[in-house]
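Just so you know, these numbers use all the heavy atoms, side chains as well, and skip hydrogens, waters and symmetry mates. It should be emphasised that the depicted structure is a prediction, and the values quoted were computed from it without experimental measurement.
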Amino acid sequence: GLYFLFATEMWERFSYYGMRALLVLYMTNVFLWQPAQASYVYKWYTSLVYLTPLVGGFLADRFLGLRMSILIGAVLMAIGQFCLVAEALPFFYAGLALLIIGNGFFKPNMATQVGRLYPANDARRDGAYTIFYMGVNLGGFLAPLACGWLAENTLGRYHSGFTIAGVGMVFGLLVYL
């Protein structure tokens, strides 16, 4: 199970960091916002991404379970990425909201699921987290390169970058399933 969780997390991080690499540039170049306005939206987005896992973890523990929470989160994040492809402000805000909510369901429950693969005192647990976080780092490393290159070198510009980020999230969901 560890390698499935590794790959799922790698693709989710690819999705997240790929989109994040384009976000401020997208707001300033497509919506023609001032850098201060784009930075304001970016700060709120990032803050909520780190806050919502508290709620997502609580809902998973009390009502939904880990697997269902991860599935809900992955689906919401994939839809959110594809909403960003549309060049309309309502889709942009909806995409960010879906990414925030989806991350809240997804993020806290993946690491918990890795921990549950092994008994509490199993020596393999530390190594498993090391492998799991290699997936985080690999996805975070590759995403800005791939999404940035697509945004810079294709006709779709930012849409191509957001699309590949969404495709990455779909890959992660498929690996998990």
Tell me, with the steps shown, if Arg124 and Tyr129 meet side chain to side chain contact (heavy atoms under 4.5 Å, CB included).
CA-CA 9 Å; Arg124 297 175 298 166; Tyr129 276 112; over 6 Å; no
Given side chains that start at C-beta, do those of Glu12 and Met110 come closer than 4.5 Å, heavy atoms only?
no
A quick test of your reading: do over 12 heavy atoms of other residues, nucleotides or ligands sit less than 6.0 Å from CZ of Phe141?
no
Checking Ile164 against Trp149 for the side chain to side chain contact (heavy atoms under 4.5 Å, CB included) test, could you report, in this order, the C-alpha distance in whole Å, the side-chain angles of both residues, the deciding distance, and whether it holds?
CA-CA 11 Å; Ile164 198 66; Trp149 187 88; over 6 Å; no
Please answer: with hydrophobic residues joined when any side-chain heavy atoms are less than 4.5 Å apart, are Leu32 and Val30 in the same cluster?
no
Ignoring hydrogens and geometry, is there a side-chain-to-backbone donor-acceptor pair from Arg125 to Gly115 under 3.5 Å?
yes
On a heavy-atom basis, the closest approach of Cys83 and Leu98 is SG-CD1, 4.1 Å
Could you give the distance from OG (Ser39) to CE (Met27), rounded to the nearest 0.5 Å?
8.0 Å
What pair of heavy atoms forms the shortest contact from Gly57 to Pro108, and how long is it?
N-CG, 3.7 Å
Taking the side chain from Glu9 and the backbone from Tyr133, do they hold a donor-acceptor pair closer than 3.5 Å?
no
Is it true that Glu87 and Arg157 have a side-chain N and a carboxylate O under 4.0 angstrom from each other?
no
Approximate separation, where rounding is to 0.5 Å, of Tyr158 OH and Met19 CE:
14.0 Å
Please assess Leu23 against Phe92 for the test side chain to side chain contact (heavy atoms under 4.5 Å, CB included), listing each intermediate value before the final yes or no.
CA-CA 10 Å; Leu23 189 58; Phe92 175 74; 3.7 Å; yes
Determine, using the 4.5 Å side-chain heavy-atom cutoff (strictly less than), whether Met77 and Leu54 are members of one ILVMFWY cluster.
yes
Donor-acceptor pair between Arg20 and Tyr45 side chains, under 3.5 angstrom:
no
Is there side-chain contact between Val170 and Leu174, with at least one heavy-atom pair below 4.5 Å?
yes
Working to the nearest 0.5 angstrom, can you tell me the gap between Gln113 CD and Thr8 OG1?
8.5 Å
Judged by atom type as modelled, is there a donor-acceptor pair below 3.5 Å linking the side chain of Thr154 to the main-chain atoms of Ser160?
no
Go through the steps for Phe4 and Tyr176 under the test ring-ring contact (aromatic ring centres under 6.0 Å, His included), then give the verdict.
CA-CA 6 Å; Phe4 287 103; Tyr176 188 75; 9.2 Å; no
Determine, using the 4.5 Å side-chain heavy-atom cutoff (strictly less than), whether Phe91 and Leu22 are members of one ILVMFWY cluster.
no
Using the benzene-type ring in the case of Trp, are the ring centres of Phe14 and Phe171 under 6.0 Å apart?
no
Could you tell me the separation between the CG atom of Asn109 and the CZ atom of Arg67, rounded to the nearest 0.5 Å?
13.0 Å
So, for Phe6 and Leu138, which heavy atoms are closest and what is the spacing to 0.1 Å?
CZ-CD2, 4.4 Å
When you measure from the side chain of Tyr17 to the backbone N and O of Pro144, does any donor-acceptor pair fall under 3.5 Å?
no
Donor-acceptor pair, distance only, cut-off 3.5 Å: does the side chain of Thr52 make one with the backbone of Ile100?
yes
Just checking, is any N or O donor in the side chain of Asn103 or Tyr16 under 3.5 Å from an acceptor N or O on the other one?
no
I'd like to check Leu177 versus Leu71 (side-chain heavy atoms, cut-off strictly below 4.5 Å). Are they in contact?
yes
Hphob cluster co-occupancy, Ile101 + Leu66, side-chain heavy atoms under 4.5 angstrom:
no
What distance separates Met169 CE from Leu99 CG, expressed to the nearest 0.5 Å?
9.5 Å
Would you say OH of Tyr93 has more than 12 non-hydrogen atoms from neighbouring residues, nucleotides or ligands within 6.0 angstrom?
yes
Start with the C-alpha distance between Leu117 and Leu5, add both sets of side-chain angles, then the distance that settles side chain to side chain contact (heavy atoms under 4.5 Å, CB included), and finish with yes or no.
CA-CA 10 Å; Leu117 291 174; Leu5 297 176; 3.8 Å; yes
Minimum side-chain heavy-atom gap Tyr40-Trp33 below 4.5 Å
no
Closest approach of Leu173 to Ala74 (non-hydrogen atoms, all atoms of both residues):
CD1-CB, 3.8 Å
Least distance between heavy atoms, Pro35 atom then Thr28 atom
CA-CG2, 4.1 Å
How many angstroms lie between atom CG of Leu84 and atom CZ of Phe82, to the nearest 0.5 angstrom?
10.5 Å
Looking only at heavy atoms, which two atoms of Gly161 and Leu150 are closest? And how far apart?
N-CB, 4.2 Å
